[in-house]
Amino acid sequence: MNEDMIRKITADELPLPVCVVNSKGKILSANSKIDQVFLYSNIEEADFFQLTGVKVSALTPENNGSIIIERNGRKFSIVVSRRPAWEEDEEEELIVYFDDVTGYEDLKQRYDDEKLCVMRINIDNYDEFTAAVPPETVTLVKLTVDNLIRGLTNELAGTIDNIRDTLYIVYFQGNRLEELRKNRFAILDEVRAIETGADFPLSLSIGVGVNGSDVSETAEFSMAALDLALSRGGDQAVIRDGSEIEYYGGKVQAVGSGSKGKSRIVGLALRKLIEQSDRVFIIGHRNADMDAIGAALGVARLCMTAGTECHIVLDEVNESMQLIYETIRNAQTYNIISAAKAKELLRHETLLVVVDTSRPGYLEAPELPELAQRVVVIDHHRRGEDFIENPTLSYIETYASSASELVTEMLQYTIDRRQLAKLEADALLAGITLDTNRFAVKTGVRTFEAAAWLRRAGADTTDVKKYFQFGGRTFAIRSRALAAAEFRPDGLVFSVSDECAENAQIINAQVADELLNVKGVRASFVIGKNEKGITCISARSLGQVNVQVILEKLGGGGHLNTAGAQVEIAPREAQERILEIIEKENEA
């Protein structure tokens, strides 16, 4: 009896539909029960992928039970085992079993359809809106927003609770969640389009919780999702599905409050924490820029006036930061220590202040927030998923131009202006100057007020300009990057280089800013490699393209019109990934 007959007889004795497939995907034999899966039983010589839509490479023991196909109105789970070659010249064969799991899958789908989803909806900018327009306009606009939210609730066949003027909670079943995903939370656009009579639109922040172990955890997921949406600047929806996070929207800049009340409260709270600490460590992101250094010096001055020992954690700086770094060193006023030394000196009473980032992976020492008992976060970037958890004090304001602006506002309420050293005033002003592209983007009234306060404190714009000078080699690299720019008809421009530069991140940012000056350009993407061979991306836009959402999908972040990322793929591959992301965004 030949092997084919043995396989067929054996297969016919099995209670499940089964077939034998070779390494190329050709079906060698099948038992008579295979017609439970397919319309006919004679499938020998057929291609497995054409019949099932499953590639042979996916048929591994690790995937057993996870691959589900639907045929003949039934659902089957695929399980495989390997039959080793009996002789040297034979190839390995796969025995594929089809387990009918229709009942289980239908029950699972019913569970998913009926599970509870909790959605929290917050009206952004409401206080600023009510202060900017007449009461009758407030009433009319609020009624319009309320009707849109209640209309959405009816579409979801859900129930709604109006907790306060600006907060709603909607409960609905899981089978309606896909509708929200498909229309990408269209209510965000509908509310933004309302004519408010103010010089800014109203927007919504939405947090959806799903797949909690119980109702309480699902509600907690919705609160965490809403907090994430708000900390990223509002005008967006966030879905938290267990540990998975999805983002939608985020098309407008955050609107800053005209009141500095929060700056005063946070500043005084920070000073109290400093006074209660035996020492303070101040740390910024890797490859610190002027904003991180300026904010760190500002916090250091607050520590000095409080009489608390402080250390700035800084391992290395790139070429463009050498002048400010040497100036700080020569001042002999500030204690600069390495990340390794910081871990060695960290004690229970030590306070860690993180500036210009809220992501532990971006720090000079990513493990420090976990080691410290008390952590303060001061940042102006939209919050990412890998946020520093449970900080003692968090001051994240995405409307602000820079961390230096936030620190400057706090200093106005916590120290006398004459206590601020000229170097600190210069560094803070330089930080604001850098992140606003010389006050051209992301500036509000409070940005200029902070700059004016620093100017009165002794900041010199001429000295600040010196911190932005660069060497001849940097100038040459920058010129080549500008010359390599590729302009697309859709208003996007890319400059891609395989050349390694020590301060690639700074050069890329400068080139991206410069390319926005070209008529017709909506967004610029500059991609190059740093001295370690890591691909650095800087992106800028005039507001029509949300570069933050694009680069976030590559592990980066930033703001709607200013973002960056570092990836371990080639520059050209990074460009292709960006174009794929943009294409998907446009399709959505």
Looking only at heavy atoms, what is the nearest atom pair of Ala292 and Ala288, with distance?
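Taking every non-hydrogen atom into account, CB-CB, 4.2 Å.
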Look up atom [atom1] in [X] and atom [atom2] in [Y], then write down how far apart they are to the nearest 0.5 Å.
X      : Y      : atom1 : atom2 : value
Tyr467 : Leu323 : OH    : CG    : 6.0 Å
Asn211 : Thr218 : CG    : OG1   : 7.5 Å
Asn122 : Ser203 : CG    : OG    : 9.0 Å
Gln236 : Asp124 : CD    : CG    : 9.0 Å
Ile432 : Glu405 : CD1   : CD    : 6.0 Å
Gln575 : Ile569 : CD    : CD1   : 11.0 Å

Contact check, side chains of [X] and [Y], non-hydrogen atoms, under 4.5 Å:
X      : Y      : result
Leu152 : Leu180 : yes
Lys529 : Pro571 : yes
Asp289 : Asp356 : yes
Ile396 : Phe387 : yes
Leu579 : Arg488 : yes
Ile328 : Leu314 : no

Heavy atoms of other groups near [X] [atom1], more than 12 under 6.0 Å:
X      : atom1 : result
Arg181 : CZ    : yes
Lys422 : NZ    : yes
Arg522 : CZ    : yes
Phe439 : CZ    : yes

Given 3.5 Å as the limit, does a donor-acceptor pair link the side chain of [X] with the main chain of [Y], or not?
X      : Y      : value
Glu449 : Thr447 : no
Asp315 : Ala339 : yes
Arg240 : Gly242 : yes
Arg184 : Tyr248 : no
Asn125 : Phe129 : no
Asp460 : Asp426 : no
Arg359 : Gly556 : yes
Arg286 : Gly361 : yes
Ser404 : Ser402 : no
Ser495 : Ala481 : yes

Side chains of residues 293-303: which donor-acceptor partners sit under 3.5 Å, not counting sequence neighbours?
unit_1: Arg301; atom_1: NE; unit_2: Gln419; atom_2: O; d: 3.4
unit_1: Arg301; atom_1: NE; unit_2: Glu424; atom_2: OE1; d: 2.8
unit_1: Arg301; atom_1: NE; unit_2: Glu424; atom_2: OE2; d: 3.1
unit_1: Arg301; atom_1: NH2; unit_2: Glu424; atom_2: OE2; d: 2.9

Examine the side chains of Gln548 and Glu552 and answer whether a donor and an acceptor come within less than 3.5 Å of each other.
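Yes, Glu552 and Gln548 have a side-chain donor paired with an acceptor closer than 3.5 Å.
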Extract all donor-acceptor atom pairs below 3.5 Å that involve side chains of residues 220-228 and protein atoms in other chains or at least two apart in sequence.
unit_1: Ser222; atom_1: OG; unit_2: Arg120; atom_2: NE; d: 3.2
unit_1: Ser222; atom_1: OG; unit_2: Ala219; atom_2: O; d: 2.6

Run the side-chain contact (heavy atoms from CB on, under 4.5 Å) check on Met119 and Val208 step by step: do they pass?
CA-CA 4 Å; Met119 177 166 63; Val208 180; 3.8 Å; yes
Please walk me through it: do Phe185 and Leu204 pass side-chain contact (heavy atoms from CB on, under 4.5 Å)?
CA-CA 10 Å; Phe185 290 84; Leu204 298 181; over 6 Å; no
Evaluate the criterion side-chain contact (heavy atoms from CB on, under 4.5 Å) for residue pair Ile324 and Met321; output intermediate values, then yes/no.
CA-CA 6 Å; Ile324 185 68; Met321 294 292 104; 4.2 Å; yes
Out of Asn508, Val493, Leu516, Leu515, which residue meets the side chain to side chain contact (heavy atoms under 4.5 Å, CB included) rule with Arg540?
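One option only clears the test, and that one is Leu516.
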Assess whether side-chain contact (heavy atoms from CB on, under 4.5 Å) is satisfied between His380 and Asp435, documenting all intermediate values.
CA-CA 10 Å; His380 67 112; Asp435 277 19; 3.1 Å; yes
Identify whether the distance between the nearest side-chain nitrogen and carboxylate oxygen of Lys341 and Glu344 falls below 4.0 Å.
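The answer is yes: the pair qualifies as a salt bridge.
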Any salt bridge between Arg438 and Asp513, counting N to O under 4.0 Å?
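No, Arg438 and Asp513 are not salt-bridged.
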Could you check Lys182 against Glu179 for salt bridge (charged side-chain N to carboxylate O under 4.0 Å, His left out), going step by step and ending with a plain yes or no?
CA-CA 5 Å; Lys182 283 181 179 178; Glu179 298 175 24; over 6 Å; no
Under the side-chain hydrogen bond (donor to acceptor under 3.5 Å, both in side chains) test, which residues partner Gln505, sequence neighbours left out?
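Testing Gln505 for side-chain hydrogen bond (donor to acceptor under 3.5 Å, both in side chains), a comparison that skips the adjacent residues, returns Gln566.
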